[in-house]
J.: 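One structure coming up, written as structure tokens, with questions to follow.
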Amino acid sequence: MRSIARRTLLAGGLALAATPGSTPAWAAPPQPWMAYERRLRGLLDDPPGGDFDPEFEETLLDLNNLIRRREGPAPLAFDAGLTRAARAHAADMAVTGVFDHITREGYSAAGRVGLLARDLVGAPGENIAMRRNAAGAVRPDQIMNQWRTSPGHRANLLQPGFTHVGYGVLRQGPRVIAVGAYAEVAARLPGPAPLRVGSSDEIARALSNANPTIRQFSVSEPGGEVLTTTYVEGRPPSVLQPGAWQLRPHLSSGEHRYQVAWGPVFVLS
């Protein structure tokens, strides 16, 4: 996760309040993000031309952890929210025919995790694969071997910072589309954050009981790297522009340092 210099925190409850001199925040249009969220959840309920394969997904997790045990990194834990993000992207690629980490509209893994893993704060990564055998069904070890022998995919399999994963496998007859959604889970919210909020105070409340505590955060466009307004404890409240936002919580990474993580996507009306 990206490191930033630590700012002074003031006493009091967490409030949505801009730091002096911060860049004005411009929201993403809300309707496309709400439509994308509905599309993904619809695909989870009704996968196109086939079905998800939980046994295949579990075997991918076992194989990934076998590789990690051999190479040194700690095993990955299963995460339900990451599984939703992985399955939804596998189904979406099947429908759109765009086999990529980025959709035609520009939606990325960070945005998908922010929409579907609503209690997770961390740093996401993603592997994708598609395979059709000339004879016989596609097996989990074949997908894992595709990733293991590709430098970029292997880096995700063995990334020491990743702590959790969700696999999504859509089997369409002889074809399999597989997605691995990885994350360094740095904090958890007490429950799924609401997608739609009516005020900036609701965003702050969603973070109020995170574990570990989140006392400072920025916002960005969903999936965007550019941080806009930063909010800290105890500052006078300011109004956040309506639209789609992704929370970028700041998590302590040592003396006078924070790391910028990824949090849920919110639509502020």
Side-chain angles (χ1 to χ4, degrees), residues 36-65 67-68 75-103 105 107-131 138-148 150 152-159 161-172 175-185 188 192 195 222-223 246 262-265:
Y36 185 49
E37 194 263 354
R38 287 194 299 270
R39 181 170 107 198
L40 294 178
R41 292 198 180 273
L43 291 168
L44 289 172
D45 292 337
D46 187 17
D51 210 344
F52 300 116
D53 191 332
E55 185 175 348
F56 198 120
E57 295 164 355
E58 291 172 12
T59 303
L60 286 177
L61 175 58
D62 291 341
L63 291 172
N64 194 162
N65 280 337
I67 295 170
R68 288 175 73 91
L76 297 168
F78 166 83
D79 185 85
L82 293 173
T83 299
R84 286 192 293 273
R87 286 181 170 185
H89 190 45
D92 198 43
M93 288 191 293
V95 168
T96 64
V98 178
F99 184 69
D100 203 321
H101 298 288
I102 308 295
T103 70
E105 305 93 338
Y107 300 121
S108 67
R112 283 186 288 279
V113 171
L115 286 172
L116 297 176
R118 306 284 312 157
D119 67 337
L120 186 150
V121 172
E126 186 178 77
N127 280 352
I128 59 176
M130 180 167 58
R131 186 181 181 99
V138 177
R139 303 189 312 272
D141 64 294
Q142 293 175 317
I143 295 294
M144 188 56 64
N145 283 337
Q146 286 183 217
W147 289 337
R148 185 175 58 83
S150 165
H153 295 88
R154 180 180 175 84
N156 279 339
L157 296 178
L158 292 171
Q159 172 56 248
F162 287 152
T163 57
H164 291 70
V165 69
Y167 284 105
V169 175
L170 178 65
R171 189 182 286 278
Q172 296 176 306
R175 184 175 80 160
V176 160
I177 299 176
V179 175
Y182 306 85
E184 176 187 357
V185 178
R188 290 280 187 184
L195 175 63
Q246 188 153 21
W262 296 87
V265 171

J.: Mark yes or no for whether D46, through its side chain, and G42, through its backbone, hold a donor-acceptor pair below 3.5 Å.
T.: no
J.: What heavy-atom pair brings G114 and Q246 nearest, and what distance separates the two atoms?
T.: CA-NE2, 3.7 Å
J.: Please report the closest heavy-atom contact between F52 and A91, naming both atoms and the distance.
T.: CZ-CB, 4.2 Å
J.: Quick one: does R68's side chain have a donor or acceptor within less than 3.5 Å of a partner on Q159's backbone?
T.: yes
J.: Show your working on side-chain contact (heavy atoms from CB on, under 4.5 Å) between M130 and M93 and close with a plain yes or no.
T.: CA-CA 10 Å; M130 180 167 58; M93 288 191 293; over 6 Å; no
J.: Which atoms form the tightest heavy-atom contact between R87 and G168, and what is the distance?
T.: CG-CA, 3.6 Å
J.: Which value, rounded to the nearest 0.5 Å, describes the distance between T103 atom OG1 and Y36 atom OH?
T.: 5.0 Å
J.: For the pair R171 (side chain) and V138 (backbone), establish whether a donor and an acceptor sit closer than 3.5 Å, ignoring hydrogens and angles.
T.: yes
J.: Return the minimal non-hydrogen interatomic distance between L76 and L61, and the atom names on each side.
T.: O-CD1, 3.9 Å
J.: Rounded at 0.5 Å granularity, tell me how far CG in L60 sits from CG in D141.
T.: 9.5 Å
J.: Please list all pairs meeting side chain to side chain donor-acceptor pair (under 3.5 Å) that have one or both residues in residues 118-129, counting only residues at least two apart or in different chains.
T.: H101-E126, R112-E126, D119-R188, N127-N156, N127-Y182
J.: Just to verify, which of T83, T59, N64 counts as forming a side chain to side chain donor-acceptor pair (under 3.5 Å) with Y167?
T.: N64
J.: Looking only at non-hydrogen atoms, find the nearest pair between A110 and G223 and report the distance.
T.: CB-CA, 4.2 Å
J.: So how far is it from I143 CD1 to I177 CD1, rounded to the nearest 0.5 Å?
T.: 10.0 Å
J.: Look up atom CZ in R148 and atom CG in L63, then write down how far apart they are to the nearest 0.5 Å.
T.: 10.0 Å
J.: Do L116 and R41 come within less than 4.5 Å of each other through their side chains, counting heavy atoms only?
T.: yes
J.: Using the side-chain contact (heavy atoms from CB on, under 4.5 Å) rule, take M144 and I67 through it: C-alpha gap first, then chi angles, then the decisive distance, then the call.
T.: CA-CA 10 Å; M144 188 56 64; I67 295 170; 3.8 Å; yes
J.: Which residue pairs pass the salt bridge (charged side-chain N to carboxylate O under 4.0 Å, His left out) test with at least one member in residues 91-101, sequence neighbours excluded?
T.: R39-D92
J.: Could you measure the distance from the CG atom of L44 to the NE2 atom of H89? Nearest 0.5 Å is fine.
T.: 12.5 Å
J.: With a 4.5 Å cut-off on side-chain heavy atoms, are L170 and P48 touching?
T.: yes
J.: Can any side-chain N or O of W147 pair as donor or acceptor with the backbone N or O of I128 at less than 3.5 Å?
T.: yes
J.: Keeping D79 on the side-chain end and G166 on the backbone end, is there a donor-acceptor pair under 3.5 Å?
T.: no
J.: Can you check whether G50's main-chain N or O pairs, donor with acceptor, with Q172's side chain at less than 3.5 Å?
T.: no
J.: What's the shortest heavy-atom distance between A117 and L82, and which atoms?
T.: CB-N, 4.2 Å
J.: Within the structure provided, determine whether E37 and V265 are in side-chain contact (heavy-atom separation under 4.5 Å).
T.: no
